[in-house]
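Beneath this line is the structure, given in structure tokens, with notes to follow.
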Amino acid sequence: MEDMIQMDRTMSTQQDIKIEAKGVQVYYADNHAIKDVDVNIADKTVTAFIGPSGCGKSTFLRCLNRMNDTIDICRVEGKILLDGEDIYDPKVDPVQLRAKVGMVFQKPNPFPKSIYDNVAYGPKIHGLARNKADLDEIVEQSLRKAALWNEVKDRLNAPGTGMSGGQQQRLCIARAIATAPEVLLMDEPCSALDPIATAQVEELIDELRQSFSVVIVTHSMQQAARVSQKTAFFHLGNLVEFDDTDKIFTNPQDPRTESYISGRIG
Amino acid sequence: MSTSLLTTDARTKKRNAAEARFKAYGLGAIIVAMFALVILLTSVLGNGLSSFKQTFIALEVELPEDKLDKSGVRDLAVMSKVTTIGYAPILRNALLATLAEQGIETELSNKEISNMISKEAAATVRNRVLGNPDLVGQTVRFDVLASGRIDGFFKGRVTMESAALDNNTSPEALEIAQALADAGIMQTKFNWNFFVWPDASDQRPEAAGIGVAILGSLYMMLVVLCLALPIGVASSIYLEEFAPKNRWTDIIEVNISNLAAVPSIVFGILGLAIFINFMEFNQSSPLVGGLVLTLMTLPTIIISTRAALKSVPPSIRDAALGVGASKMQSVFHHVLPLAAPGILTGTIIGLAQALGETAPLLLIGMVAFVREYPAAFTPESGLFGEASTALPVQVYNWTQRADPGFVERASGAIITLLVFLLIMNAVAIYLRRRFERRW
């Protein structure tokens, strides 16, 4: 088991770089929230961001699909390249970007609509389906990838908000992957879930790695260790350390990382 | 040493006493409010319910050809030369004939007999005859209106004592009326026409109705709904979802809140200056009334719509943006449907407020005496451009009249207004329940 994971990780490090961040600074009004972060996120890999509360990991994640644009006082400097293109270029429409870089939020937030409509919404607005049959196909595939199909195939018209928390979160994942993104951002996707639902979602994340580059923010170091190949440790807005997950957890280079993973700061 | 839980200490006693006092204050407030409501309802219903009933006299009216159609060829131009003054004696004769037939003796003068019949009755009969000239020469049965005093007698407003002091009626006339009622010829029955007839002059409260007022109020509500809802909702969406939060939007926000507190009569002056003096729309028209009420209702709608938009959880907006919806798509596909119940409620409350508003309408001339039903559209005066009146203004108008018969009419109009408001609020509650969704 250990060997397999080890092998996966070696493989992943050889893969292409999907997102390249260079000297990213984020300010909330006068508050310098992210300080000069450089990070390369590989394709078809799970990258985990860990760190104590308020360290800026969620802020940085939200920079990757420009969700911070909706906050008036937020200002981003530096370069974030997706496949070599700067996503903060004035010519980039954030709407197109977000279709490529999907996001799953901390709290499950399905639309108050049917399960089917939840998943079909993204493809509909992006014109990914030519007809109803196409759309049905996309919905089914997305729900299958999110390991939800068997549970909901008989009640696609039931409201998405009526499901359990774990199902709702998997529905949100299905909704995010229905637009065929290239990168999937997850902001503490399991923090509102019980251990069983968490296990299901983690298993799912591991499968999603086949098709996407996944970036996950998590509070739980065990979770980072379980699902990710790469781990970045943030502290007070700085990227302290970024390396293979097993290296971070077994042989951290920075004393702050060591303090955090051994539970002394946080 | 720990104290026993079975004895309450001084602090707890004080706290419990404070709680009990507060509950008592609340209960007291509710009782006062309910008491006021009961007084209001008893007073209005007590005065007003009788306006829905009216006293009619069933008369066999002979329509003599020599009086009504001298030409003898049923030429309308000639027939319409006979005014209501020509019809009054015919009705009087019919009443005298009925009295004779019933064996009721009377020493009343012709004038006093005429006074038992409403002055409106002659006009009603004349209209019937002009509408169907073939009736001339026949004896036709009419349910003619009794005069206001006779009607008041059956409703308890006029007594023998008051009639003795009255120029318009006399105790003898009331006795005859009682005899006719005993014979079943004079009847006080439900009067649907109250809701249909227009206003009537000072001398004939028995013929006054709220038809024009209801129509005018309806037109104004249409104008308010068509203008205030889209403008209010669009401006709230812009301010809440799209506008940058800076000093300008702050100023706008404060001003909208202030507008909601501006006395309504100020909007009346504004409407007079802008819509009538400057834009030269017709005075007293539902269009101007509707525009003024729109200005007055807008802040209410904007404030409630913004509150409804604010109450939609931000996670829904995040979710929509996260799957790549544009700002507008996230608002129109997700936020607006969730805010709809709140917006509808606010709009209906605003409309109800506008429906009951009197002061601004007085200033733009809707207080005028209007007997013609306003047409919704005419080439000369445009959409909703004909003079009209409105329900609350009609109430105000009637409370100023001398004849006590109008007190009952005013209360009747108030009841109608209250029923409309109740219906609107019920609709608001229904819509809120119907469209409320959980998230």
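Hydrogens, waters and symmetry mates play no part in the numbers below; they use all other heavy atoms, side chains included. Chain identifiers are assigned alphabetically (A, B, ...) following the order of the sequence lines, protein sequences preceding nucleic acid strands; residue numbering begins at 1 within each chain.
Closest heavy-atom contact between B/Leu338 and A/Pro112: CD2-CG, 3.4 Å. The minimum heavy-atom distance between A/Phe111 and B/Ala319, with the atom names listed, is CE2-CB, 3.7 Å. Between B/Val323 and A/Arg175, the shortest heavy-atom distance links the atoms CG1-CG, 3.6 Å. Contact record, B/Ala325 with A/Tyr121: CB-OH, 3.8 Å, taken as the closest heavy-atom pair.
No more than 12 heavy atoms of other residues, nucleotides or ligands shown are found within 6.0 angstrom of OH on B/Tyr430. For NZ of B/Lys14, the number of neighbouring non-hydrogen atoms (other residues, nucleotides, ligands) closer than 6.0 Å is 12 at most. Heavy atoms from other residues, nucleotides or ligands lying under 6.0 Å from CZ of B/Phe278 number 12 at most. Heavy-atom contacts from other residues, nucleotides or ligands closer than 6.0 Å to NZ of A/Lys79 number 12 or fewer. Few gaps surround CD on A/Glu207; more than 12 heavy atoms of other groups in view lie less than 6.0 Å from it. In B/Leu37, the CG atom is crowded: over 12 heavy atoms of neighbouring residues, nucleotides or ligands sit closer than 6.0 Å.
Counting only heavy atoms from C-beta outward, the side chains of A/Ile125 and B/His333 approach each other to under 4.5 Å. In this structure, the side chains of B/Asp318 and A/Gln106 stay at 4.5 Å or more apart for every pair of heavy atoms.
For the atom pair A/Arg98 CZ and B/Ser326 OG, the distance stands at 10.0 Å (nearest 0.5 Å). One distance of note links CG of A/Asp69 with NZ of B/Lys327; it measures 10.5 Å at 0.5 Å rounding.
With chain B as the partner, the residue from A/Leu97, A/Asp72, A/Asn109 showing the most heavy-atom pairs under 4.5 Å is A/Asn109.
Contacts of A/Arg66 with chain B are absent, with no heavy-atom separation under 4.5 Å from either backbone or side chain.
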